[in-house]
There are 2 protein chains.
Amino acid sequence: MALEHAILVSLLEKPGSGYELARRFERSIGYFWTATHQQIYRVLKRMESEGMLAVRTVPQQGRPDKKEYSAAAPGRAALAQWLHEPIEPESLRHDLAVKIRGAAFDDPASLIREVERHQQAHRDRLARYLAGELRDFTGPDAPAPLDAGQELQHVVLRGGIAQERMTIAWLDDVLATLHRLGRSTPTSTG
Amino acid sequence: MALEHAILVSLLEKPGSGYELARRFERSIGYFWTATHQQIYRVLKRMESEGMLAVRTVPQQGRPDKKEYSAAAPGRAALAQWLHEPIEPESLRHDLAVKIRGAAFDDPASLIREVERHQQAHRDRLARYLAGELRDFTGPDAPAPLDAGQELQHVVLRGGIAQERMTIAWLDDVLATLHRLGRSTPTSTG
DNA sequence: CTTGTCTATGCAACGAGTTGCATAGCAGGA
DNA sequence: TCCTGCTATGCAACTCGTTGCATAGACAAG
């Protein structure tokens, strides 16, 4: 399972608490993996008990203490081993595509608003990714020569950007199709 | 959950057995949803007990009997209701991206073969999708004017094609990055 | 004649992911 | 004063998804 490995990578990049990890999963890690705080806490606990992670309780001012996790040697070794194992190319799950095919048995035009809403969400995501790219990699405040870790983070971010651009363009195609069907066939319920 | 809805859509397009559905999930449905036969049988059983599906036992020659499922009125109604509810834009899970970011703590060059293997898998998938498009939608044997259902199937397939093309191009970018890092930084283990 | 593959359905166990809820201090606004 | 929201961690129950295994007849290759 890859949540373990995503956590190890994130902690190697920078140690942090469960809460902080949860926020990273909402942001930078979010464009290739998602996890809720409940999932993260549960996995952190298990990994700690297996000796993969080290913990340090950090007292804070005006805030609850936090447990700062970092990758221990066995965790690092487990990650290295996984990196050398082949994995299956992932299969996607796309709810909206199910809806689009299902629209043949309902009114296709009634899906237009939903598709537009999704397209807007993807536009918003793209804007965030592009802002992050400028801030961390291509803008004037970005480190001048990127190190290997930053180069790899950047190429993964470019993947997220390409994904969003592709999706936005495809949803244009979907919208055009739905409009076309709305004009020609009023209802096509089998 | 969308497996239920994917099954309803597929059975509305054409009734079939659990086994047949499993094969559809390997093929046409596979570019937007995946499921194993175990999952499908379990859900079919539950949906039948809930009255969403109708079953008919079909005796066959030289083969085991099959249970042919079709969507019943309550199933159709449940699908229609879901189609009118807004859903959350989906979040992806991309193991390979985890590996790419993890490569910063290992040898980036050792990932090249794995990335090439994935790229080849996506090329194969793209070839299958394009063959299917020619056969069902754009080739000489395709139905002359497509009906609404076929138009919608086609636009979803175009989404799958766009996805694969984007991924193949991005993996070129990844490979170029890994080669670049292999030349400049021998190992960059933090 | 045995092995393997295809059709066809299913159970059991486990691991991954989701949802709802609980606690608790601090800060800011109505 | 009360309500909302943020940081911070966690349990319990449930559903979803994966893996391994079992059954069973038909057919083809060796």
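Each chain gets a letter, A, B and so on, in the order the sequences are listed, and its residues count up from 1. For clarity, every value in this text was computed on a predicted model and none was experimentally measured.
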*Would one find a side-chain N or O of A:Arg46 under 4.0 angstrom from OP1 or OP2 of C:dA16?*
yes
_Please determine whether a side-chain nitrogen or oxygen atom of A:Ser17 lies at a distance below 4.0 Å from atom OP1 or OP2 of D:dT7._
no
_Nearest whole Å is fine: how far is C:dA12 P from B:Tyr41 OH?_
17 Å
*Would you please confirm or rule out a distance under 4.0 Å between OP1 or OP2 of C:dA8 and any side-chain N or O of B:Gln60?*
yes
*Toward the 5' end of DNA chain C, by each residue's nearest nucleotide, B:His37 or A:Glu4*: B:His37
_In this structure, how many angstroms lie between the P atom of D:dG17 and the CG atom of B:Leu44, rounded?_
14 Å
*Within this structure, what is the CZ-to-C1' distance between B:Arg42 and C:dA13, rounded to whole angstrom?*
11 Å
*Determine: side-chain N/O of B:Arg23 to OP1/OP2 of C:dC6, distance under 4.0 Å, yes or no.*
no
*Calculate the interatomic distance between B:Phe25 atom CZ and D:dG17 atom P; express it in whole Å.*
10 Å
*Among the nucleotides C:dT9, D:dG17, C:dT18, which one has an atom lying closest to any side-chain atom of B:Arg93?*
C:dT18
_Separation of atom CG in A:Leu3 from atom C1' in C:dT18, rounded to whole Å_ = 13 Å
*Hey, would you say the B:His122 and B:Trp170 ring centroids sit under 6.0 Å apart?*
no
*May I have the distance from B:Lys67 (atom NZ) to C:dG10 (atom C1'), rounded to whole angstrom?*
9 Å
_From C:dG20, C:dT18, D:dT7, nucleotide with atom closest to A:Gln38 side chain_ = C:dG20
*Take the protein atom CG of A:Asp65 and the nucleotide atom C1' of D:dT7, then report the distance between them rounded to whole Å.*
12 Å
*Does the side chain of B:Gln38 pick up a donor-acceptor pair with the side chain of B:Arg42 at under 3.5 Å?*
no
*Just checking, any donor-acceptor pair under 3.5 angstrom between side chains of A:Glu85 and A:Gln81?*
yes
*Taking OP1 and OP2 of D:dC11, is either one under 4.0 Å from a side-chain nitrogen or oxygen of A:Lys45?*
yes
_Validation row, ring centre A:His5 to ring centre A:Trp33 under 6.0 Å_ = no
*D:dT9 P sits how many Å from A:Ile40 CD1, rounded?*
11 Å
*asked:* Testing the 3.5 Å rule here: is there a donor-acceptor pair between the side chains of A:Gln150 and A:Asp136?
replied: no
